[in-house]
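It should be emphasised that the depicted structure is a prediction, and the values quoted were computed from it without experimental measurement. Each ligand, and each atom within it, is numbered from 1 in the order the structure gives.
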Amino acid sequence: MNLTQASNSELNELYLTLKKQYEDYCCKGLKLDMSRGKPGADQLDLAEEMLTVLSKNEQMLSREIDTRNYGLLTGIVECRELFSEIFEVPVKNVIAGGNSSLTMMYDTMMRLWVFGAPDGKRPWCAEKKVKWLCPVPGYDRHFSICQQLGMEMIPVPMTENGPDMDIVEALAADESVKGIWCVPKYSNPQGYVYSDECVRRLAHMNTGAADFRIFWDNAYVVHHLTEERPVLLNIYDECAAAGTLNRVIMFTSTSKVTYPGAGVAAMAASDENVEWSKKIMTVQGIGPDKVNQLRHCMFFPDINAIEEHMKKHAILLKPKFDAVADILERELGGTGAGSWLAPKGGYFISFDSYPGCAKRIHKLCADAGVILTNAGATYPYGIDPEDRNIRIAPSLPPVSELTAAMEVFCICAKLAAVEKILGV
Ligand SMILES: Cc1ncc(COP(=O)(O)O)c(C=O)c1O
């Protein structure tokens, strides 16, 4: 039944049925978590051999250094080479760091905030106003960084080709707009891949701020769910061609390749940006965890080894994404209670409810023991103007739990839509 075309009596009848189904689920004492994009335990198990590739003193030497000791601020060369293949940028422009790309993004933003960019007039904290472009829906932790610093976040609608570039170009002309978040491949939460045109326009556009920065968070660069391998235009080369190489700072990590708690993160940027980062990092620390970097490089001698490993992840993940898609289609297809995307990679399924229902669905699910990412989390300040978007994270629960959770979710989505239409 299409809820938007149903009569009042049909809706009233459905309301009572759904309420009964919902209450039955509430009595089951479920405890299911679809809130964050964490790998399942079976995925973590895939990296077991990495734990034993280094077991002897004599294996601890990298080409340049004894990895057990202090030093080498930008990481061991083997690791920088590996990330240089992933980023498709020269090794000299890569910094291999600790276990989290989010930390690297935060640190980079803090450096800009406190010290200013190498091509900027002053530290950003000394600017009257700093604005930042936030493609929406987007990644909540990106938004939290801007919010903590008191930047003004400006939402920019996402399209299937990336952020709406007409809007980005218009906004970037304002000199108080200092940058933009981008998750260019399998975007969080939609799974979109930026088109060539979008990448070119980002690299070539005029910006009011000379020190404008694109935070190019390629978190899902090797995280395919299908056989397709979408090619993302290399923004580093585009920026080089446009004479805007300082504009882009790239980030990634092996959090969802090996371990989210014990992976390796990396960033890549222009010579000037790397020198600027290093100068500040020299005071911040003496070097990253090079033992972990080395064991990653022994486990993954090159990018092909990562690609092969990621196929094993896809074998575990794809059935979970398929289960979610099947239940959504079976329960909500044609009802008007929501729409969703079928990503070809990444970690999420983006769901748009009937307008004004996302918060209600979140609450109904929570009361029935199903934890979702907070409604609104995919928007700056947690404010989804249409109260529609919910990010579904299918990776963590086993398929049986996921199925139960999605059944509850679909009942809640229908119940919330019927309540909204009836005004109850
Ligand atoms: C887009 C995006 N960037 C970064 C991260 C976190 O990466 P890391 O574990 O390297 O800090 C996530 C995790 O969900 C993410 O979705």
Side-chain angles (χ1 to χ4, degrees), residues 33-40 43-44 47 75 79 82-83 86-87 94-110 132-146 148 153 158 162-163 179-194 214-225 232 235 248-268 288-289 292-293 296 300 306 310 313 317 320-321 341 343 345-350 372-374 377-380 389-396:
D33 190 347
M34 292 197 297
S35 64
R36 296 227 75 95
K38 292 183 188 173
Q43 291 177 265
L44 302 175
C79 200
L82 185 62
F83 281 109
I86 295 173
F87 286 127
V94 174
I95 298 176
N99 73 330
S100 162
S101 62
L102 192 69
T103 303
M104 285 185 126
M105 291 179 240
Y106 185 89
D107 283 346
T108 304
M109 195 70 98
M110 280 297 176
W132 197 269
L133 305 182
C134 299
V136 291
Y139 179 39
D140 54 348
R141 290 183 184 275
H142 285 164
F143 304 152
S144 303
I145 295 176
C146 293
Q148 192 178 55
M153 288 183 272
M158 274 291 281
I180 183 169
W181 290 113
C182 292
V183 182
K185 201 166 187 182
Y186 304 131
S187 63
N188 176 351
Q190 310 88 338
Y192 291 146
V193 181
Y194 287 20
I214 299 170
F215 274 47
W216 195 252
D217 178 2
N218 218 342
Y220 300 107
V221 56
V222 289
H223 302 62
H224 315 286
L225 285 168
L232 176 68
I235 194 166
V248 65
I249 307 183
M250 306 161 100
F251 303 89
T252 196
S253 78
T254 70
S255 285
K256 284 155 189 158
V257 177
T258 54
Y259 304 133
V264 179
M267 59 189 272
D289 178 349
N292 195 31
Q293 292 187 353
H296 273 77
F300 298 125
I306 294 188
M310 293 313 287
H313 278 273
L317 276 176
K320 296 186 176 183
F321 279 75
L341 296 167
Y347 257 65
F348 303 103
I349 292 174
S350 183
L372 301 168
T373 311
N374 277 343
T378 52
Y379 282 77
N389 190 252
I390 294 177
R391 187 184 77 167
I392 298 174
S395 54
L396 186 64

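- Of the protein's non-hydrogen atoms, the one nearest atom 1 (C) of ligand 1 is Asp217 OD2, 3.3 Å.
- Contact annotation: for Leu102 versus ligand 1, heavy atoms closer than 4.0 Å belong to both the backbone and the side chain.
- Nearest heavy-atom pair, Tyr139 versus Arg391, reported as atom, atom and distance to 0.1 Å: CD1-NH1, 4.0 Å.
- Remark: side-chain polar atoms of Ser350 are not paired, donor with acceptor, to backbone N or O of Pro189 under 3.5 angstrom.
- Summarising the contacts of atom 15 (C) of ligand 1 with Tyr220, Tyr186, Tyr259, the nearest heavy atom is found in Tyr220.
- Heavy-atom separations between Arg141 and ligand 1 are all 4.0 Å or longer.
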Derivation and outcome, side chain to side chain contact (heavy atoms under 4.5 Å, CB included), residues Gln43 and Lys38 | CA-CA 10 Å; Gln43 291 177 265; Lys38 292 183 188 173; over 6 Å; no
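- Among the candidates Thr252, Val264, Val222, the single residue satisfying the side-chain contact (heavy atoms from CB on, under 4.5 Å) test with Val257 is Val222.
- In terms of the ring pair (Phe, Tyr, Trp, His ring centres under 6.0 Å) criterion, residue partners of Phe215 (sequence neighbours excluded) are, by chain and number, Trp132, Trp181, Phe251.
- At least one N or O atom of Ser101, backbone or side chain, sits closer than 3.5 Å to an N or O atom of ligand 1.
- Atoms of ligand 1 lying under 4.0 Å from any heavy atom of Ser253, numbered from 1 in the order shown and given with element: 8 (P), 10 (O).
- Protein heavy atom at the shortest distance from atom 14 (O) of ligand 1 is Lys256 NZ, 2.7 Å.
- Each of the atoms 8 (P), 9 (O), 10 (O) of ligand 1 lies under 4.0 Å from some heavy atom of Ser255.
- Side-chain contact between Tyr220 and Lys256: present, with at least one pair of heavy atoms (C-beta onward) separated by less than 4.5 Å.
- For Arg36, the salt bridge (Lys or Arg N to Asp or Glu O under 4.0 Å) partners are Asp140, not counting sequence neighbours.
- Looking at Arg36 against ligand 1, nothing comes within 4.0 Å, counting heavy atoms.
- Interatomic distance, OG1 of Thr254 versus CE of Met310, reported as 9.5 Å (0.5 Å rounding).
- Ranking the protein heavy atoms by distance from atom 11 (O) of ligand 1 puts Ser100 OG, 2.7 Å first.
- Ligand 1 has no N or O atom lying under 3.5 Å from any N or O atom of Gly37, backbone or side chain.
- Side-chain contact between Asn99 and Tyr259 is absent, with no heavy atoms from C-beta onward closer than 4.5 Å.
- With distances taken over non-hydrogen atoms, the option nearest atom 5 (C) of ligand 1 out of Tyr106, Tyr139, Phe215 is Tyr139.
- The proximity of Phe251 to ligand 1, defined as any non-hydrogen pair under 4.0 Å, does not occur for either the backbone or the side chain.
- Proximity of Ala219 to ligand 1, defined as any heavy-atom pair under 4.0 Å, is confined to the side chain (atoms from C-beta onward).
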